[in-house]
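Positions are given from 1, in the same order as the sequence printed here.
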Amino acid sequence: MASWIEQIHASLVERDILEKRDSAIIDSYRRLAKQTVLLKDRNAALLKASRSVTSSAAGGSTISNQDNPVRAALVTSLETQLAQVRAELSEQYKTQASNAQRLLTLTDQLRDAEERGREERDELRRLKHEVEGLRERARWHKEVVAEKEKQLLILQDDHASLELELSQVTQQNENLKIDNSSLLQRWLESKNEEASRMNEANQWVQEAKTLRTPKSSTTDARKSPIPSKRSPTPSKTSKS
């Protein structure tokens, strides 16, 4: 920002210098005009004095003796003034040449300043374009982050629901384990009861055999109904 202010200030200073480059010449010519007017007045006064002297003279020889010194003094004064004017004119030419050289130098400096200003404007344009690109990238990254946050929220919700479902499945598994253990216990109890019944049936069969063995030795005719009496034993075994 400061460089632009300095450049504008330098441009204004150069403009003022360019506008005032001929002020010295104008002042010199103004002084020269004043001196010219003064010289014309002096010359007119001298000529008037010489004419009055020549008109008031009585004889021709006396007029020529008085006229020559006046005219010589007038010529000498004019030559002195002319030399002075030529010296001032030469000085003005020198001043004009110096001002022209300064004008060329200032013109070159102005051209260099304009070139630097053009380069700085190009650099500023490039920086603005780069800033716009960075802003666009920042806006895009912001949108990406917002989208990622939305996806993260969705994933968190999915994770929470999966955890809830997992806890429910775990609870169901625990319940199933309890049910399975209860069923297994009942099945074992039923098998134990069934084994007890089978043992009782076998014991009853053994007791029946022991009770029927003496009767079979006395009479052979009674052996035939024994299979019919033993018929309930296989049926109980089949029930088991």
Side-chain angles (χ1 to χ4, degrees), residues 1-140:
M1 188 67 183
S3 61
W4 286 99
I5 295 175
E6 292 176 357
Q7 184 178 359
I8 293 172
H9 179 69
S11 300
L12 293 174
V13 171
E14 291 175 358
R15 186 197 64 184
D16 294 338
I17 292 172
L18 291 175
E19 290 179 353
K20 296 178 181 180
R21 66 181 184 273
D22 297 331
S23 60
I25 298 174
I26 294 172
D27 293 337
S28 298
Y29 277 113
R30 189 180 292 111
R31 289 195 302 271
L32 183 61
K34 290 181 180 179
Q35 290 179 1
T36 303
V37 172
L38 291 175
L39 290 175
K40 285 182 179 180
D41 293 337
R42 288 178 62 187
N43 291 333
L46 290 172
L47 290 174
K48 184 177 181 181
S50 63
R51 288 194 186 97
S52 63
V53 169
T54 53
S55 60
S56 61
S61 60
T62 307
I63 294 172
S64 61
N65 290 331
Q66 291 178 352
D67 188 28
N68 289 331
V70 172
R71 289 182 180 275
L74 180 60
V75 170
T76 303
S77 177
L78 291 175
E79 287 178 353
T80 302
Q81 293 175 5
L82 182 60
Q84 185 178 359
V85 170
R86 286 177 178 175
E88 292 179 356
L89 184 60
S90 177
E91 187 67 26
Q92 293 301 322
Y93 284 149
K94 291 180 181 179
T95 304
Q96 185 178 3
S98 177
N99 291 331
Q101 186 64 34
R102 288 184 61 192
L103 178 61
L104 292 175
T105 303
L106 291 175
T107 303
D108 294 336
Q109 292 178 358
L110 179 61
R111 189 182 299 109
D112 294 337
E114 289 177 352
E115 185 67 24
R116 289 194 301 270
R118 190 180 300 109
E119 292 177 356
E120 290 179 356
R121 286 193 296 271
D122 294 338
E123 182 69 16
L124 180 61
R125 191 180 300 109
R126 186 185 65 80
L127 292 175
K128 285 183 178 179
H129 182 70
E130 187 175 355
V131 168
E132 290 296 328
L134 291 175
R135 285 178 179 174
E136 186 67 26
R137 289 181 61 186
R139 193 179 301 111
W140 178 78

Spacing of Q96 atom CD and L89 atom CG [to the nearest 0.5 Å]: 9.5 Å
Say you draw a straight line from CG of L106 to CD of Q101; how long is it, rounded to the nearest 0.5 Å? 10.0 Å
To the nearest 0.5 Å, tell me how far L104 CG sits from N99 CG. 11.0 Å
Say you draw a straight line from CD of E120 to CD of E115; how long is it, rounded to the nearest 0.5 Å? 11.0 Å
S98 side chain to K94 backbone, donor-acceptor under 3.5 Å: no
Can you tell whether the side chains of E132 and R135 come within less than 4.0 Å, N to carboxylate O? yes
Any donor-acceptor N/O pair, S90 side chain to R86 backbone, under 3.5 Å: no
Taking 4.0 angstrom as the limit, do E123 and R126 come out as a salt bridge? yes
If you round to the nearest 0.5 Å, how far is CG of D122 from CD of E119? 7.5 Å
Residues R121 and E114: closest non-hydrogen pair is NH2-O, 4.4 Å
Which value, rounded to the nearest 0.5 Å, describes the distance between L134 atom CG and H129 atom NE2? 10.0 Å
